[in-house]
Amino acid sequence: MAVMTYLEAGRRAVIEEMQRDTSVWALGEDLGRGGVFGQYKGLQEMFGADRIADTPISEACIMGAAVGAAMTGTRPIVEMRFSDFALCAVDELVNQAAKARFMFGGQMRVPMVVREPVGMWRSSAAQHSQSLESWYTHIPGLVVVAPATPADNLGLLKSAIRNDDPVVYLEHKNLWPLEGEIPEQEHLVPLGKADLAHAGGDVTMVTWSGMRHGCLRVAEQLAAEGIGVEVIDLRTLWPWDRDTVFASVERTGRLLVVHEAVAVSGFGAEIAASVAEALHHRLKAPVRRLGAPRIPIAYAPPMEDQARVSDDSIAAAVRGMLEPAAVS
Amino acid sequence: MQDVIAEGRHHNLDRDRFLGRLALMHRIRAFEEEAIAAQKDGLVLGAIHPSIGQEAVAAGVCANLEPADLMLSTHRGHGHTLAKGADPLAMMRELFGRAGGTCGGKGGSMHIADFGVGMLGANGVVGANIPIAAGAAHAQKLQGSRQITVCIFGDGAVNRGPFLEGLNWARVFDLPVLFVCEDNGFSATTRTREMTGGEGAAARAESLGLEAQEVDGNDVVAVDAAARAAIDAIRAGQGPRFLTCHTYRMTGHTAVDPATYRPAQEVDEWRGNCPIARLEVALRLAGESDARLSALQAQESGAMAAIAQAARDTGWPEATGAFTDVQDIGDPRERAF
Ligand SMILES: Cc1ncc(C[n+]2csc(CCOP(=O)(O)OP(=O)(O)O)c2C)c(N)n1
Ligand SMILES: [Mg+2]
């Protein structure tokens, strides 16, 4: 085991996959100088300017060119810099990348990974802070991945690059410096498999990305009070690991979904509805969701904090679900 | 030879006009120096993109606008915003995320707007202001207004699709808009030239039927003359125009970027081409005294220090502001349960 940051782990994944498969290449703005966060540092020196390609500020063409190049025998990694800028390339991703394989009757595939750093990162304000994963889970044809730990960023990014369909790969900006243990040998994490991050018997907590860490803090805190919280980090949002979630809820009878994105129409709604449909008879309390209120994210900290799901609100939600009154 | 020409021109310099421009450039420089220092002290919370070295573009273009004219800017917009007449204290508070900021602390540096002075917004998305500017000018035309719109963007923005769409639109509808490409040579860490095909911004504008001009963007006298001529023509109903101002940013892309991707010698050469120092030379040649010029600078920097202090002394905005101005119907506090 070696200790590595989340950012370094993503960089290692790209290096290993580019060494393994010469059809893998990356394109995006400023990559030759390492990318905005340093995720590509030194890679142009290692692989040359053809395979670590600097691009103009042309998101639509970065995404569209990747679609064309993916259809024709290469495996592009698209760097969108901030997920917010991927909105300049929605047609290329949603109408083109996601649908081509199906529309064209399976004549080809679109093996590309779209890296989109997401999430709140102190005072980045409304156009550099969003978490829009549920937009992508809604689109047939896309795989959606949101790693929360260094080891998962390594193993999932490698799997995403090897995947033959387009993958929207959401890294959380606040996690870049997070350190964690990483296997030194090759490490692949399968797409579609959740991680049971903390065991517990009273409440199942389903989460992903940055919120994994808040959920774990609360689970530890509540464990000391004798409340058992099972934290499941989905890691892949589409396809999501129903088996793991359902098995846990069968045991606990309670489901709380926690995510950073706006709660309304967030991906938590999908999980809550699925559990309610499939396990209604096993539930001891109504399913709950925690997410942001339906507000754009403000710059000033007192207002920005209103968009955050706090540890206290998670703990309160768990306690609320365990109160007898919650059982109707 | 060049000096002789310059001198000849400077004898005719409109001293009052350019003393005003000099004061404005000092104000912009002082604002950003205070902001950079405040960021080091942890007071400026989000990213800031200084325009130190580029002040002649803001002063040369925006000071030619009437208060009711409209202006749209970029992530690097402090100078343009001040030159359009926004209150520096409100802007500093916005950067500090404090109450009384230009946008109540909701936006920060990259989203400053002051509709009261016709400043329709900085923008966090490169090139996004171009179609919006076309729309503002479209409304001016529909309303039969004599006002015009100025849209300022960087050299990097010309490689985005909205550049083509916005310029074409302005031509097709014959709109009262001046597009200004503030060409500082860089798109973040990348040299824009290496990512741009053909002759660049002005040639692209011409290919879409817009009259285009290029000026030395560190010469406020030249920028002022070119902008004034273009603005007069637009106001006279002659349709959209394009102006490229060649300049250089003296800081990194953001205040914390060490800008290791360019040689120190290049930066030094541009330091010798400082637009403020150049205007001071011109004003001296035109007969202005050193004492007057240094008093002007002292006045602007002193005022800005007081503004920064006042911003520091301002409290935080109310947290409940997070839920205001989202939309009229529907509950913004809705958390779906
Ligand atoms: C659509 C979009 N892509 C990428 C970015 C990230 N970004 C912010 S500023 C910048 C460079 C812009 O260069 P230019 O337009 O020349 O303006 P300058 O920073 O030089 O003033 C980039 C790539 C963005 N804000 N928006
Ligand atoms: Mg530039």
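Chain naming here is simple, since letters A, B, ... match the order of the sequence lines and numbering starts at 1 in each. All values below were derived from every heavy atom in this structure, side-chain atoms included, with hydrogens, water molecules and symmetry-related copies excluded. Values in this document were obtained by computation on a predicted structure and should not be read as measured data.
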**Neighbour count >12 (heavy atoms, 6.0 Å) for atom CG, A/Asp91** = yes
**Request:** Report the distance from atom CG of A/Leu31 to atom OG1 of B/Thr190, rounding to the nearest 0.5 Å.
**Result:** 8.5 Å
**Fill in**
Of A/Cys88, A/Ala60, A/Ala307, A/Ala272, the largest count of non-hydrogen pairs under 4.5 angstrom with chain B goes to A/Cys88
**Asked** Between A/Ala300 and B/Gly97, what is the shortest heavy-atom contact and its length?
**Response** CB-O, 3.2 Å
**Message:** Check this for me: B/Gln327, atom CD, are more than 12 non-hydrogen atoms of other residues, nucleotides or ligands nearer than 6.0 Å?
**Reply:** yes
**Prompt:** What heavy-atom pair brings B/Gly124 and A/Gln127 nearest, and what distance separates the two atoms?
**Reply:** N-OE1, 2.8 Å
**Item:** Enclosure of A/Glu45 CD (heavy-atom neighbours >12, cutoff 6.0 Å)
**Value:** yes
**Item:** B/Asp313 atom CG, neighbour heavy-atom count above 12 within 6.0 Å
**Value:** yes
**Prompt:** Between A/Asp30 and B/Ser187, which heavy-atom pair has the shortest distance, and what is it?
**Reply:** OD1-O, 3.3 Å
**Closest non-hydrogen atom pair, A/Ile295 against B/Ala322** = CG2-O, 3.4 Å
**Prompt:** If you take all heavy atoms of B/Asn159 and A/Ser58, which pair is closest and at what distance?
**Reply:** O-OG, 2.5 Å
**Prompt:** Quick one: does A/Tyr299's side chain have a donor or acceptor within less than 3.5 Å of a partner on B/Gly46's backbone?
**Reply:** yes
**Proximity breakdown for B/Val125 and chain A, heavy-atom pairs closer than 4.5 Å** = both
**Complete:** Looking only at A/Val287, A/Val262, A/Thr55, the option with the highest number of non-hydrogen pairs under 4.5 Å against chain B is A/Thr55
**Fill in**
Comparing B/His111, B/Glu318, B/Glu194 against chain A, the one with the most heavy-atom pairs below 4.5 Å turns out to be B/His111
**Request:** Under 4.5 Å heavy-atom distance to chain A, tell me which part of B/Asn123 shows up: side chain, backbone, both or neither.
**Result:** both
**Option in A/Glu59, A/Arg294, A/Glu304 with maximal non-hydrogen atom pairs under 4.5 Å from chain B** = A/Arg294
**Asked** Around atom CH2 of B/Trp169, are there more than 12 heavy atoms of other residues, nucleotides or ligands at under 6.0 Å?
**Response** no
**Winner by heavy-atom pair count (cut-off under 4.5 Å) against chain B, out of A/Met303, A/Glu29, A/Gln306** = A/Met303
**Message:** Looking at every heavy atom in both A/Ala125 and B/Gly107, which two are closest together, and how far apart are they?
**Reply:** CB-O, 3.5 Å
**Message:** If I measure from the heavy atoms of chain B, does A/Ala292 come under 4.5 Å with its side chain, its backbone, both, or neither?
**Reply:** backbone
**Request:** Determine whether B/Leu45 and A/Arg122 make a side-chain contact, defined as any pair of heavy atoms from C-beta on separated by less than 4.5 Å.
**Result:** no
